[in-house]
Amino acid sequence: MKTILITGASSGFGKLAAKQLIKKGYTVYGAARRIGQMQDLVDLGGHAIEMDVTNDESVKEGVAQITKDQGKIDVLINNAGYAQYGIVETTDLEHAKRQYEVNVFGLVRVSQAVLPHMRKQMSGQIINLSSVAGKVSFPMAGWYASSKYAVEAISDAMRAEVKGFGIKVVIVEPGTFKTGFDDVAVDELEKLANDKVYGDKIKSFKNRFSEMYQKAPTPEPVINVLEKAITSKKPKTRYKVGMDSKMAIMMKGLLSDKAFDNVMLNQFGLK
Ligand SMILES: NC(=O)c1ccc[n+]([C@@H]2O[C@H](COP(=O)([O-])OP(=O)(O)OC[C@H]3O[C@@H](n4cnc5c(N)ncnc54)[C@H](OP(=O)(O)O)[C@@H]3O)[C@@H](O)[C@H]2O)c1
């Protein structure tokens, strides 16, 4: 059975994927900063590793523990991430850098630690959690969407670079699904609500965003796609998940940039 490392397994997609894959008999290592939030994975027969994807030592130690215990890592699911929404102009650059440190460099840091083992075994799979925001940017999402655009570009490069070693790279582009994602995003938005110039727009965005997530579907479709990518002999390069993701990406292709801007401004009550 395959050995799978899932980052961001203390919540949301990562936790649910870990549970489903443990139940299917895979050897699953969940990784996150909040190790206490992964006891349920251990109780099910999985493993929990304390890992901060922004920290070199933490990532190296986590990966070393898995290869020592199992002798291999077959699948890496780079799932850890969050959204730093806000106005491009007034977002503190330290917050912007933190967004990239987790969503982009964190993903690359874990991949760099795992790839030498996959190259040695001449097989493996890396599944990167992008987003509909990896294809479509919109107001307040400049930093988050650009981090996911970066995930898309890095994945496309990496896919071709490691193909000769029998390693597959897959991108997953979910739309809106109810996880812990919106709580983290809203916490960050609330810190920005006193912005003197854009405060009202930020509040309006936050309200529309919260409404969207109140109605959002539960994350099973994303977990099923992750399992499909792992079990498929020929996984697709990209999996869009959710009607909203498919619609937004299609509309972005069909509409002019200005028309698409208007749709997004309306959607988030920013007109
Ligand atoms: N839910 C959606 O609607 C949606 C849509 C498109 C894409 N996504 C993407 O899906 C991925 C998973 O998000 P989710 O929806 O499942 O959100 P979530 O419930 O908030 O889970 C995020 C996970 O990332 C982990 N994480 C955050 N910072 C980390 C760090 N520095 N080091 C290690 N782990 C870290 C968190 O664990 P700790 O805090 O314990 O470290 C948590 O387990 C993200 O990449 C997100 O951008 C989500």
Side-chain angles (χ1 to χ4, degrees), residues 5-20 29-41 48-59 61-63 76-85 95 97-110 113 127-138 141 143-152 154-155 171-188 209-210 212-223 225-226 238-246 248-249:
L5 166 60
I6 309 177
T7 67
S10 62
S11 174
F13 297 153
K15 185 190 271 281
L16 205 60
K19 283 184 171 173
Q20 185 157 317
Y29 284 76
R33 292 168 302 177
R34 291 170 297 169
I35 193 160
Q37 297 290 318
M38 296 185 287
Q39 186 55 42
D40 48 353
L41 307 184
I49 290 183
E50 188 173 341
M51 182 187 286
D52 182 342
V53 298
T54 68
N55 182 298
D56 285 341
E57 281 313 306
S58 169
V59 169
E61 277 172 22
V63 170
L76 164 63
I77 305 181
N78 274 315
N79 164 75
Y82 73 102
Q84 175 67 64
Y85 291 117
H95 288 130
K97 285 179 191 169
R98 175 86 192 153
Q99 175 76 106
Y100 279 57
E101 195 53 57
V102 175
N103 290 10
V104 183
F105 296 114
L107 173 146
V108 173
R109 187 173 283 108
V110 184
I127 305 178
N128 291 332
L129 262 290
S130 175
S131 166
V132 57
K135 287 289 179 59
V136 168
S137 186
F138 50 91
W143 293 112
Y144 177 60
S146 61
S147 77
K148 294 297 187 181
Y149 272 54
V151 166
E152 298 266 341
I154 286 168
S155 305
I171 300 167
V172 179
E173 297 164 339
T176 308
F177 288 94
K178 184 66 196 135
T179 60
F181 180 80
D182 52 311
D183 296 334
V184 176
V186 166
D187 278 355
E188 291 298 314
F209 177 83
S210 297
M212 266 169 57
Y213 272 85
Q214 273 161 27
K215 293 185 220 138
T218 53
E220 288 79 7
V222 177
I223 313 313
V225 158
L226 292 171
R238 280 183 167 74
Y239 294 89
K240 299 181 194 72
V241 200
M243 199 45 83
D244 57 342
S245 175
K246 289 174 189 164
I249 294 170

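Whatever order the structure lists ligands and atoms in, that order sets their numbers, starting from 1.
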So that I can tick it off, tell me whether Glu188 and Arg98 are bridged by a salt bridge, with the cut-off set at under 4.0 angstrom between side-chain N and carboxylate O. no

Please tabulate, one line per pair, the protein N or O atoms found under 3.5 Å from any N or O atom of ligand 1, giving the distance to one decimal.
| unit_1 | atom_1 | unit_2 | atom_2 | d |
| --- | --- | --- | --- | --- |
| ligand 1 | 1 (N) | Phe177 | O | 3.1 |
| ligand 1 | 1 (N) | Thr179 | OG1 | 3.2 |
| ligand 1 | 3 (O) | Gly175 | O | 3.3 |
| ligand 1 | 3 (O) | Phe177 | N | 3.0 |
| ligand 1 | 3 (O) | Phe177 | O | 3.3 |
| ligand 1 | 3 (O) | Tyr213 | OH | 2.7 |
| ligand 1 | 15 (O) | Thr179 | OG1 | 2.6 |
| ligand 1 | 16 (O) | Phe13 | N | 2.9 |
| ligand 1 | 19 (O) | Ser11 | OG | 2.5 |
| ligand 1 | 19 (O) | Gly12 | N | 3.3 |
| ligand 1 | 19 (O) | Gly180 | N | 2.9 |
| ligand 1 | 20 (O) | Phe181 | N | 3.4 |
| ligand 1 | 24 (O) | Gly81 | N | 3.4 |
| ligand 1 | 28 (N) | Arg33 | NH2 | 3.3 |
| ligand 1 | 31 (N) | Asp52 | OD1 | 3.0 |
| ligand 1 | 32 (N) | Val53 | N | 3.0 |
| ligand 1 | 37 (O) | Ser10 | OG | 2.9 |
| ligand 1 | 39 (O) | Arg33 | NH2 | 2.8 |
| ligand 1 | 39 (O) | Arg34 | NE | 3.2 |
| ligand 1 | 39 (O) | Arg34 | NH2 | 3.4 |
| ligand 1 | 40 (O) | Ser10 | OG | 2.8 |
| ligand 1 | 40 (O) | Arg34 | N | 3.0 |
| ligand 1 | 40 (O) | Arg34 | NE | 2.8 |
| ligand 1 | 41 (O) | Arg33 | N | 2.9 |
| ligand 1 | 41 (O) | Arg33 | NE | 2.7 |
| ligand 1 | 43 (O) | Gly8 | O | 3.0 |
| ligand 1 | 43 (O) | Ser10 | N | 3.3 |
| ligand 1 | 43 (O) | Ser10 | OG | 2.8 |
| ligand 1 | 43 (O) | Ser11 | N | 3.4 |
| ligand 1 | 45 (O) | Asn79 | O | 2.9 |
| ligand 1 | 45 (O) | Lys148 | NZ | 3.0 |
| ligand 1 | 47 (O) | Tyr144 | OH | 2.7 |
| ligand 1 | 47 (O) | Lys148 | NZ | 3.2 |

Aromatic centroids of Tyr82 and Phe181 separated by under 6.0 Å: no

Any side-chain heavy atom of Phe138 within less than 4.5 Å of one from Tyr85? yes

Does NZ belonging to Lys135 count more than 12 external heavy atoms closer than 6.0 Å? yes

Centroid separation under 6.0 Å, is that true for the rings of Phe105 and Tyr100? no

Taking Glu173 first and then Arg238, would you say they form a salt bridge - that is, a charged N and a carboxylate O separated by under 4.0 Å? yes

